[in-house]
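Convention: sequence-line order gives letters A, B, ...; per-chain numbering from 1.
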2 protein chains.
Amino acid sequence: MALAHAIMTALIDDDLSGYELSRDFEASMGFFWHASHQQIYQELHKLAEKSFLNNREVSQSGKPNKIVYGLTKAGRDALAEWVYDTTKNQNAKDELVIKLYNLSEENASHLAAEIDARRQDMMQRLYTFEKLRVKHYNEPQLLPTRSKGVYLALIRGLGQGQQFLAWCDEALELIATVSGKSK
Amino acid sequence: MALAHAIMTALIDDDLSGYELSRDFEASMGFFWHASHQQIYQELHKLAEKSFLNNREVSQSGKPNKIVYGLTKAGRDALAEWVYDTTKNQNAKDELVIKLYNLSEENASHLAAEIDARRQDMMQRLYTFEKLRVKHYNEPQLLPTRSKGVYLALIRGLGQGQQFLAWCDEALELIATVSGKSK
DNA sequence: AAAATCATGTAATTTGTTACATGATTAG
DNA sequence: CTAATCATGTAACAAATTACATGATTTT
């Protein structure tokens, strides 16, 4: 049931269409939640049926019309209640690390390449997040309450990301010591 | 398909029963993968059917018999190949952070309590992992190749965990500045 | 003309969770 | 005698992924 609440959370400040959601979702909450557009569209329908969301069609010039969703009072209430539910998932699933348990002379260079690729993705993402932090969240104590929460999410992502970069460097260094038989 | 490979990875060195797997899994690879016993039993059956695993019943005195699974040659080969597949999921799903986006005067103390609880779980886990690192992985350069990979997984977990603890401290501090109306 | 982006969806399949079920043994 | 641990499973349901589908517009 958590995707529903993640979506509603994304709609607290702005009304968004499914397309916009699936685009922005990844950019803003991507560190903590991922969902495909198919999932998002289906969840939006369900939430609208429960009348946690309302929707209206917006015509756009030059682009197809979009269906924009917004939180209803009932949706806001449900979201506020949900915060008190017991939290379950700190759902860790990282294939790459499992692959590392299988490190060998043969696959070392492949794994190094995979780590390097992910390292670069992370650099990209961190750059965006860091800009955001500097611009809007430089004095966390002075922020309004809810923004403090958003700030904490932001630095959670940044911290995780920086830690990941440091780990990548160490990993690449150690893997380099594995006598790589070129395959 | 990744659970299958996580299970096979856990069986590289030791033959284990489903029960042992679901117990040890959490302890060793829990940072990177979680699976319930129901899932594990089902996956074991599937893997045995594909003959990636073999199994034998072991009688135990005083305890019910257990069915112990081991990797076959075919299983080892499939695992080795899988390492070259493109990696997808760095499946991040963290409800607690999503909840933080909903921080308010009212729920601040609840969220602080949740963070504190998770902080303590992590301390516990880190303690175990740190002992392991000191005992067996103090000189990573000298390890045999595969152990280097295991070491990298280990320090990935440790690094993540330590970063999490630091974040918890910062989060608790900031949330404390939210004027908590007692609810 | 082809490729990319905008925009929304359905269907089939695979994964994962929750609930239920059984039965023995050991520790308090 | 009660709870906990050992040990293995089935069934129903929810969530997520993959594949397929459509059609307009904008950029190369």
Below 3.5 Å between N/O atoms, which protein atoms pair up with nucleotides 3-7 of chain D? Just atom names and distances, please.
{"from": "D:dC6", "atom 1": "OP2", "to": "B:Tyr19", "atom 2": "OH", "distance (Å)": "2.6"}
{"from": "D:dA7", "atom 1": "OP1", "to": "B:Gln60", "atom 2": "OE1", "distance (Å)": "3.2"}
{"from": "D:dA7", "atom 1": "OP1", "to": "B:Gln60", "atom 2": "NE2", "distance (Å)": "2.2"}

Is a side-chain donor or acceptor of A:Asn107 paired with a backbone partner of A:Asn102 at a separation under 3.5 angstrom?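 Indeed, once roles are kept as given, a pair shorter than 3.5 Å links the two residues.
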Taking 4.0 Å as the cut-off, does a side-chain nitrogen or oxygen of A:His45 come that near to OP1 or OP2 on C:dG9?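 The answer is yes; a side-chain N or O of A:His45 sits under 4.0 Å from OP1 or OP2.
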Distance in angstrom units between B:Leu47 CG and C:dT14 P, rounded: 15 Å
From NE2 of B:His37 over to P of C:dT22, roughly how many Å is that when rounded to an integer?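 In whole Å, C:dT22 P and B:His37 NE2 are 15 Å from each other.
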Which pairs, with at least one residue in residues 102-135 of chain B and sequence neighbours excluded, count as a ring-ring contact (aromatic ring centres under 6.0 Å, His included)?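 Residue pairs with at least one partner in residues 102-135 of chain B: A:Tyr84-B:His110, B:Phe31-B:Phe129.
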Under the side chain to side chain contact (heavy atoms under 4.5 Å, CB included) rule, collect the residues that match up with B:Asn55, sequence neighbours excluded.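 In terms of side chain to side chain contact (heavy atoms under 4.5 Å, CB included), with neighbours along the sequence ignored, B:Asn55 is linked to B:Ile67, B:Tyr69.
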Could you name each residue pair satisfying side-chain hydrogen bond (donor to acceptor under 3.5 Å, both in side chains) that touches residues 132-145 of chain A, not counting sequence neighbours?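 Checked against side-chain hydrogen bond (donor to acceptor under 3.5 Å, both in side chains) - neighbours excluded - the pairs reaching residues 132-145 of chain A are A:Glu130-A:Arg133, A:Thr145-B:Glu105.
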Please list all pairs meeting salt bridge (Lys or Arg N to Asp or Glu O under 4.0 Å) that have one or both residues in [range], counting only residues at least two apart or in different chains.
{"range": "residues 86-104 of chain A", "result": "A:Lys88-B:Glu95, A:Asp94-A:Arg118, A:Glu95-B:Lys88, A:Lys99-A:Glu114"}
{"range": "residues 140-149 of chain B", "result": "B:Asp13-B:Arg146"}
{"range": "residues 65-79 of chain B", "result": "B:Glu20-B:Lys66, B:Lys73-B:Asp77"}

Can you build the contact string for nucleotides 12-17 of chain D? Use B for base contact, S for sugar-phosphate-only contact, and - for no protein heavy atom under 4.0 Å. ---SSB
Without placing hydrogens or testing angles, list every side-chain donor-acceptor pair under 3.5 Å for residues 152-174 of chain B, not counting sequence neighbours.
{"from": "B:Arg156", "atom 1": "NH1", "to": "B:Gln160", "atom 2": "OE1", "distance (Å)": "3.3"}
{"from": "B:Arg156", "atom 1": "NH2", "to": "B:Gln160", "atom 2": "OE1", "distance (Å)": "3.3"}
{"from": "B:Trp167", "atom 1": "NE1", "to": "A:Leu152", "atom 2": "O", "distance (Å)": "2.9"}
{"from": "B:Asp169", "atom 1": "OD1", "to": "B:Arg119", "atom 2": "NE", "distance (Å)": "2.8"}
{"from": "B:Asp169", "atom 1": "OD1", "to": "B:Arg119", "atom 2": "NH2", "distance (Å)": "3.2"}
{"from": "B:Glu170", "atom 1": "OE2", "to": "A:Tyr151", "atom 2": "OH", "distance (Å)": "3.3"}

Output the rest of the hydrophobic cluster of A:Val58: all Ile, Leu, Val, Met, Phe, Trp and Tyr residues reachable through side-chain heavy-atom contacts under 4.5 Å, sorted by chain and number. A:Val68
Could you list who else is in A:Tyr41's hydrophobic cluster, with ILVMFWY side chains joined at under 4.5 Å, directly or through other members? A:Tyr19
Angle of first-five versus last-five pair axes in the helix from C:dA1-D:dT28 to C:dG28-D:dC1, to 10 degrees: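 End axes: 40° apart.
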